[in-house]
Each structure stands twice: as structure tokens, then as C-alpha cells.
Enquirer: 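First, the structure itself, so that you have it in front of you.
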Amino acid sequence: MPAPPGKPTFPLMTTPLIDPFDRAIRYLRVSVTDRCDFRCVYCMSENMEFLPKKDLLTLEELDRMCSAFIRLGVEKLRITGGEPLVRRDILTFFRAMTRHLDSGALKELTLTTNGSQLGKYAADLAAAGVRRINVSLDTLDDRKFADITRWGRLPQVLKGIDAAQAAGLRVKINTVALKGFNEDELFRLQAWCAERDMDLTFIEVMPMGDIGNEDRLGQYWSLRDLRGSLAQSFTLTDLTERSGGPARYVRLEETGQKIGFITPLSHNFCESCNRVRITCTGEIYTCLGQEGHSDLRAPLRASGDDQVLETAIRKAIGLKPKGHDFDYSRQTVDGRVSRHMSHTGG
Ligand code: SAM
Ligand code: SF4
């Protein structure tokens, strides 16, 4: 018998995940690898050491983990990394998740990618039920692209974006706002996205990982300033839609385009946070801006009984903090966390 309108079409067998601050957890971001074919300067050091294979969750373990979260009420699953599409056989995992889309339990299966492998995988991802993807791209200048990604080449990424659009995937571009690097490309990026009917989101650079030689404070380009620049050329209308995450959106009335701002450092978005993150080794981080985490790999591997895993998941959600402590306001990076972004997948 079909479910009545407005009711979930799948039986939620258990009580959903609710954290101590009454936030329901509906969104899971999973890093499937710590490896990448790029070495973006704000994300990785040039000589990154990667984890031994045995530490990573296998594709079967990733399936069990994600399926457990979906049983507990997660409706949106974002696959990330490192670069998710460099994980061997990753399509097998995407195809396995299709069953949760088919059952109606999962509303959205998506990924964040650097775009380098989309030429190869875009059509298969679309066939697996992916509808929208985020592609990270900070510049449209070949030389600057090679500088910022160290190992990446722009033409390959642009071909990947073409392939994604040809496969019917809706593409959103994510651009890290970097002072003195892509400030001068604001309007070029905006116009390029408008021409291709792509939304665009700017991300403030976050104090992640080993700051080392990279002067992140020098790179910090406030999105308030960026928004101010856009407002000089366009009429901006604030959109009320929220993703439960740190993004806020405006519409440029002249182009109809949606522009997002991810400002984890200058605004507090934590009160509506509905997300948790799993690393490729099965650690759960319930807040991107805090060090606190719990291990889910041990309970996953300890028993084939999913009840053990679900108990561990509930316990971890019970520790989700109220919010993060990033603070650039005194020109020091208070609240900085030591791991790299590639570890938690952003
Ligand atoms: N490799 C994929 C990609 O680049 O889209 C997925 C993983 S990457 C860690 C996810 C996002 O984090 C990318 O959009 C990247 O630009 C962003 N990112 C990495 N390091 C960052 C930092 N320190 N501050 C802000 N964003 C960062
Ligand atoms: Fe790789 Fe993405 Fe990190 Fe760049 S931001 S090094 S593409 S994981």
C-alpha cells in the first residue's frame, strides 16, 4: 500500500538520531580516501604521508556504515576525500548506494570533487542516481591553477565539468576565496558560471592542518568584502533557504544566478547543524571545527551485528558539541584544529 502523502515511504525501524541540542542528524559526509591527485596549498603539504590501506574502511565497510546511518534517518549522503574519484572501484560503492535512493530512504547521493576524473566517471555517476555535484575550482587561469593545486591541470578539470553537464549532472562550483590570489577573478568566475548555468559558492579559507609556510591569515579574504564587491555591480537578494550548514545564499537579480557564501569563521551557523562527518578510517567527527571524535571502525569490525555499530553511532552523536571555536577576530587563529581538510573531507 503506498504511504500517505507527506509520510516517509520507508519504514524507519528505530528512533532517529537526535543530538544533545535537539538537532536531528540528516546529513552524512563520508571521506572515502585521504589520497588525492592534487596538492592544493591550503589543504595538503607537498609531501603528504598517506594512510596504509588496512586502516581505510573497505568498500563493503563503507556500505555497512552508510547503510546504518540511513537506517537511523540520514537522508543526504555526500562522498568526499581526499579526492573521492581516485579511490579504486569507487563506482561499486556509488552503485551500491543506489538501492537506498530506490527505496526512498536516501533523498540525495552526491559528491564533492576536484573534477579531474569526471571525464571518466560522470556518466556512470549519473546512472547511479547522482543528480548534483560540487566541483572545487579556485581560478580559471591555467598558471594560477597549477600554482594553487601544485599537481593539477586546468584543461582536464574543465573537460570533466563538460562531461558532468553532458551527463545531466547539475554542477555547483566551490571556490576558496584567497586574498591576492583570486580576488581579481571574482567577476570572471561569476560570469563563467552564469554562462554555463552553474551556481557558485565561495568558501572562506579555514585554519586547518599545519599552517607551516602557508600564511593563511594573509590569504584570508573576508566574504563580507567579497559580497560588498558583488553588490557594487549587481542587485543582491538574500535567499532564506538554508542547507543546515554554513552556506548562505543570495540571488543576483541581473543574472538569476545563486551565489553562496560559506563563512564558518565570521558567522555562527552551528544552531542549525544537521551533519556529521566520517573519515576514511571510520572516525566520526560531529563538528568540523573541533578535535573531538569517536572511532566507529572498531565496533564495525568487532561484529557483523549492526546493533553494535548503531549503539556506537548513537553514543557518538550524544557527544556532538554545540558549536566550533574558530576565531580570526584578534588576528590569531584561535580555535585552530590540527588535522588537514583532506582528513575530514571539508
Ligand atoms: N578533493 C575534493 C575537492 O577538492 O573538492 C574533495 C575534498 S576537499 C578537502 C573539499 C573542499 O574543501 C574543497 O572545496 C576545498 O577547496 C576545500 N578546502 C580544503 N582545504 C580548505 C581550507 N583550508 N579552507 C577552506 N576550504 C578548504
Ligand atoms: Fe585534493 Fe581537494 Fe585537498 Fe585539493 S582540496 S588537495 S583537490 S582533497
Side-chain angles (χ1 to χ4, degrees), residues 29-48 50-51 78-87 90 110-118 121 125 132-139 144-154 156-157 160-161 164 171-179 181-182 189 199-223 226 245-247 260-266 275 277-280 285 288-289 324 326 328 333 335-346:
R29 299 168 70 110
V30 181
S31 170
V32 293
T33 178
D34 60 335
R35 288 164 199 262
C36 187
D37 50 347
F38 293 180
R39 292 288 181 279
C40 302
V41 296
Y42 46 71
C43 177
M44 291 195 185
S45 63
E46 183 139 31
N47 307 306
M48 286 290 283
F50 294 107
L51 295 161
R78 178 176 297 280
I79 305 306
T80 174
E83 174 46 43
L85 298 181
V86 302
R87 170 93 195 236
I90 193 62
T110 184
L111 71 152
T112 300
T113 172
N114 65 24
S116 69
Q117 307 303 312
L118 283 173
Y121 291 132
L125 289 168
R132 302 190 299 174
I133 60 173
N134 289 354
V135 179
S136 305
L137 180 68
D138 301 334
T139 173
K144 282 162 72 178
F145 187 86
D147 283 351
I148 197 88
T149 62
R150 293 201 187 98
W151 293 7
R153 295 295 169 260
L154 182 63
Q156 186 183 347
V157 170
I161 294 172
V171 177
K172 177 163 80 73
I173 300 294
N174 280 346
T175 300
V176 177
L178 296 163
K179 204 173 186 66
F181 177 76
N182 54 10
L189 280 161
D199 291 324
L200 171 62
T201 293
F202 290 97
I203 311 174
E204 260 174 2
V205 72
M206 283 189 262
M208 307 291 289
D210 169 19
I211 285 192
N213 293 330
E214 310 298 340
D215 176 9
R216 297 238 166 79
L217 279 177
Q219 293 172 349
Y220 178 63
W221 174 19
S222 144
L223 295 193
L226 191 156
F261 303 98
I262 301 189
T263 54
L265 305 179
S266 45
R275 61 191 58 193
R277 295 171 168 80
I278 307 269
T279 68
C280 55
Y285 282 82
L288 180 61
H324 67 72
F326 285 143
Y328 270 158
V333 264
R336 178 156 67 89
V337 291
S338 62
R339 65 187 184 278
H340 284 264
M341 198 67 145
S342 54
H343 191 73
T344 31

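The residues of the chain are indexed from 1 along the displayed sequence. Both counts, for ligands and for their atoms, begin at 1 and track the order of listing. These numbers come from the heavy atoms of this one structure, side chains and all, not from hydrogens, waters or symmetry mates.
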Enquirer: Which is it for Thr113 and ligand 1 at heavy atoms under 4.0 Å: side chain, backbone, both or neither?
Expert: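 The backbone, only.
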Enquirer: Using a 4.0 Å cut-off to any heavy atom of Val205, which atoms of ligand 1 qualify?
Expert: 24 (N), 25 (C)
Enquirer: Give the numbers and elements of all ligand 1 atoms closer than 4.0 Å to a heavy atom of Glu204.
Expert: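 This gives 25 (C) as the contact atoms.
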Enquirer: May I ask which of Cys43, Cys36, Gly152, Ser45 has a heavy atom nearer to atom 5 (S) of ligand 2 than the others do?
Expert: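 The option holding the nearest heavy atom is Cys43.
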Enquirer: Would you check if Leu85 and Asn114 make a side-chain contact, meaning some heavy-atom pair closer than 4.5 Å?
Expert: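 Sidechains of Asn114 and Leu85: no contact.
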Enquirer: For ligand 2, is there an atom lying under 4.0 Å from some heavy atom of Ser136?
Expert: no
Enquirer: Is there side-chain contact between Arg87 and Arg35, with at least one heavy-atom pair below 4.5 Å?
Expert: no
Enquirer: Using a 4.0 Å cutoff against the non-hydrogen atoms of Cys40, which atoms of ligand 2 qualify?
Expert: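 So the atoms of ligand 2 that pass are 4 (Fe), 5 (S), 6 (S), 7 (S).
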Enquirer: Do Glu83 and Thr33 have side-chain N/O donor and acceptor atoms under 3.5 Å apart?
Expert: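 Distance-only check fails for Glu83 and Thr33.
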Enquirer: For Thr110, what residues pass the side-chain contact (heavy atoms from CB on, under 4.5 Å) criterion, not counting sequence neighbours?
Expert: Lys76, Arg78, Glu108
Enquirer: Among residues at least two apart in sequence or on other chains, which ones pass side-chain contact (heavy atoms from CB on, under 4.5 Å) with Ala177?
Expert: Trp221, Leu223, Leu226
Enquirer: Below 3.5 Å, N or O to N or O, backbone or side chain included: is there any such pair between Ser136 and ligand 1?
Expert: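 Among all N and O atoms of Ser136, at least one is under 3.5 Å from an N or O of ligand 1.
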Enquirer: Counting only heavy atoms, which portion of Val176 has something under 4.0 Å from ligand 1: side chain, backbone, both, or neither?
Expert: side chain
Enquirer: Give the intermediate values and the outcome of side chain to side chain contact (heavy atoms under 4.5 Å, CB included) for residues Arg132 and Lys172.
Expert: CA-CA 8 Å; Arg132 302 190 299 174; Lys172 177 163 80 73; over 6 Å; no
Enquirer: Examine distances only and state if a side-chain atom of Asn174 and a backbone atom of Asn134 form a donor-acceptor pair shorter than 3.5 Å.
Expert: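 Side chain of Asn174 to backbone of Asn134: no pair is present.
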Enquirer: When you measure from the heavy atoms of Cys40 to every atom of ligand 1, does any distance fall below 4.0 Å?
Expert: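 No.
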Enquirer: Looking only at heavy atoms, is any part of Thr80 under 4.0 Å from ligand 1, and if so is it the side chain, the backbone, or both, or is it neither?
Expert: side chain
Enquirer: For the pair Phe202 and Phe261, name the ring-plane relationship: parallel under 30°, tilted 30 to 60°, perpendicular over 60°.
Expert: parallel
Enquirer: Which option out of Gly82, Gly81, Cys36 puts a heavy atom nearest to atom 1 (N) of ligand 1?
Expert: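 Minimum heavy-atom distance to atom 1 (N) of ligand 1 goes to Gly82.
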